[in-house]
Amino acid sequence: MLNHDEQEQFTRLWTQAQPSVAGYVRAVVRDLDLSKDVLQETALVLLRKFREWDSTRPFLPWAIGIAKFEILAQRRDAGRNRLVFDDALLDAITESWGNVTEEIGQEQAALQNCLDKLAPRAKEIVRLRYQSE
């Protein structure tokens, strides 16, 4: 069991890393419900193994590595699924995700800036089209 300071540190690090890890999982696990399950399992494993994390190294790559193993476990358990990335593709996505996540964050910030400038009715139209379909 983590002490109070460790819990706070984990919460801070996971809160920061979670959107990137979620994006990575969602990119590989196309089923939304399954990707949520994998993300939740990843968070639990990270919490359980937090004391094993080398704090001299960045948290995000470690978290993505754990997510990769959770994806592989999910794939093993659901091997009959029709759409499964092969190991080489999964490795390539894992390697490049750290670089991509910063760029995506910048693009999301720019998009949010543009959306903030829209009139209320235009914002509602965009929301209905892209969030509610």
Side-chain angles (χ1 to χ4, degrees):
M1 187 77 176
L2 300 177
N3 66 39
H4 181 72
D5 290 339
E6 291 169 329
Q7 288 176 6
E8 280 187 13
Q9 183 182 22
F10 173 80
T11 301
R12 206 172 318 105
L13 290 167
W14 175 242
T15 301
Q16 213 172 20
Q18 190 271 339
S20 296
V21 175
Y24 165 71
V25 170
R26 185 71 181 105
V28 177
V29 180
R30 302 306 299 165
D31 180 281
L32 182 60
D33 291 330
L34 213 50
S35 70
K36 288 178 182 179
D37 291 344
V38 169
L39 184 64
Q40 186 174 35
E41 284 302 314
T42 299
L44 290 173
V45 170
L46 288 168
L47 181 62
R48 288 185 197 120
K49 294 187 173 206
F50 186 64
R51 285 188 173 152
E52 297 173 25
W53 169 60
D54 178 0
S55 61
T56 64
R57 301 182 67 132
F59 183 80
L60 180 60
W62 181 67
I64 289 175
I66 297 292
K68 176 185 173 185
F69 287 115
E70 289 305 309
I71 291 167
L72 290 170
Q74 177 272 324
R75 285 177 54 196
R76 181 194 66 231
D77 295 344
R80 295 175 298 278
N81 193 344
R82 287 178 281 174
L83 178 61
V84 178
F85 292 150
D86 67 8
D87 292 345
L89 179 58
L90 181 59
D91 287 340
I93 292 171
T94 302
E95 280 184 38
S96 65
W97 198 260
N99 299 329
V100 171
T101 190
E102 184 176 328
E103 186 177 318
I104 290 171
Q106 292 170 353
E107 289 173 357
Q108 286 177 330
L111 179 60
Q112 187 60 52
N113 186 34
C114 290
L115 290 172
D116 289 343
K117 294 177 182 177
L118 291 176
R121 178 74 178 136
K123 282 182 188 179
E124 180 65 10
I125 291 170
V126 170
R127 186 192 69 75
L128 288 171
R129 168 58 180 95
Y130 291 100
Q131 290 179 348
S132 301
E133 296 186 26

Enquirer: Give a yes or no on whether Gln40 atom CD has more than 12 heavy-atom contacts from other residues, nucleotides or ligands under 6.0 Å away.
Expert: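 Open: at most 12 neighbouring heavy atoms sit under 6.0 Å from CD of Gln40.
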Enquirer: Mind checking whether Ile125 and Leu115 sit in one hydrophobic cluster, side chains of I, L, V, M, F, W, Y counted as touching below 4.5 Å?
Expert: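 No; Leu115 is not reachable from Ile125 via cluster members.
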Enquirer: Closest heavy-atom contact between Val25 and Ser35?
Expert: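 Smallest heavy-atom distance, with atoms named: CG1-O, 3.5 Å.
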Enquirer: Can you find a pair of side-chain heavy atoms, one from Leu90 and one from Arg75, that are under 4.5 Å apart?
Expert: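 Sidechains of Arg75 and Leu90: in contact.
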Enquirer: Please step through salt bridge (charged side-chain N to carboxylate O under 4.0 Å, His left out) for the pair Arg121 and Glu124, ending with a clear verdict.
Expert: CA-CA 5 Å; Arg121 178 74 178 136; Glu124 180 65 10; over 6 Å; no
Enquirer: Using modelled atom types only, decide if a donor and an acceptor are shared between the side chain of Arg51 and the backbone of Met1 within a distance under 3.5 Å.
Expert: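 Side chain of Arg51 to backbone of Met1, a donor-acceptor pair under 3.5 Å: yes, one is there.
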Enquirer: Which atoms form the tightest heavy-atom contact between Trp97 and Gly23, and what is the distance?
Expert: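 Of all heavy-atom pairs spanning Trp97 and Gly23, the closest is CZ2-C, 3.1 Å.
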Enquirer: Hey, could you give me the CG/CZ distance between Leu46 and Phe10, rounded to the nearest 0.5 Å?
Expert: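 Leu46 CG to Phe10 CZ: 5.5 Å, rounded to 0.5 Å.
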Enquirer: So how far is it from Ile93 CD1 to Ile64 CD1, rounded to the nearest 0.5 Å?
Expert: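 Interatomic distance, Ile93 CD1 to Ile64 CD1, rounded to 0.5 Å: 11.5 Å.
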Enquirer: Do Trp62 and Leu72 share a hydrophobic cluster (ILVMFWY, side-chain heavy atoms under 4.5 Å, transitive)?
Expert: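 Linked, Trp62 and Leu72 end up in one cluster.
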Enquirer: With hydrophobic residues grouped by side-chain heavy-atom distances under 4.5 Å, do Trp14 and Leu44 end up in a single group?
Expert: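 Result: no, two separate clusters.
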Enquirer: Can you give me the closest heavy-atom contact between Pro58 and Trp53, atom names plus distance?
Expert: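 Nearest heavy atoms, Pro58 then Trp53: O-NE1, 3.7 Å.
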Enquirer: Okay, side chain of Gln7, backbone of Leu2: is any donor-acceptor separation there less than 3.5 Å?
Expert: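 Yes; judged by distance alone, with no hydrogens or angles, the pair exists.
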Enquirer: For residues Glu6 and Phe50, report the shortest heavy-atom separation together with the two atoms involved.
Expert: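 Nearest heavy atoms, Glu6 then Phe50: O-CE2, 3.6 Å.
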Enquirer: May I ask you to check whether over 12 heavy atoms, not counting those of Lys123, lie within 6.0 Å of atom NZ?
Expert: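 Atom NZ in Lys123 is packed in, count exceeds 12.
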Enquirer: Of the non-hydrogen atoms in Asn3 and Asp5, which two are nearest, and what is the gap between them?
Expert: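 It is OD1-N, 3.0 Å.
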Enquirer: Supply the atom-to-atom distance Ile71 CD1 to Arg76 CZ, rounded to the nearest 0.5 angstrom.
Expert: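 With rounding to 0.5 Å, CD1 (Ile71) is 13.5 Å from CZ (Arg76).
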Enquirer: Under a plain distance cut-off of 3.5 Å, with no hydrogens placed, do Gln112 and Asp116 share a side-chain donor-acceptor pair?
Expert: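 Side chains of Asp116 and Gln112: pair found under 3.5 Å.
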Enquirer: Minimum heavy-atom separation for Thr11 and Thr15, please, with both atom names.
Expert: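 Nearest heavy atoms, Thr11 then Thr15: O-OG1, 2.6 Å.
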Enquirer: Quick check for you: to the nearest 0.5 Å, what is the distance between Gln18 atom CD and Leu60 atom CG?
Expert: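 That separation rounds to 11.0 Å.
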Enquirer: Any side-chain heavy-atom pair from Gln74 and Asp37 closer than 4.5 angstrom?
Expert: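 Not in contact.
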Enquirer: Counting N and O atoms only, with roles assigned by atom type, does the side chain of Gln16 sit under 3.5 Å from a partner on the main chain of Leu13, one being a donor and the other an acceptor?
Expert: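 Looks like no, no N/O pair under 3.5 Å.
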Enquirer: Kindly work out whether a path of hydrophobic side-chain contacts (I/L/V/M/F/W/Y, heavy atoms less than 4.5 Å apart) joins Leu39 to Leu32.
Expert: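 No, Leu39 and Leu32 fall in different hydrophobic clusters.
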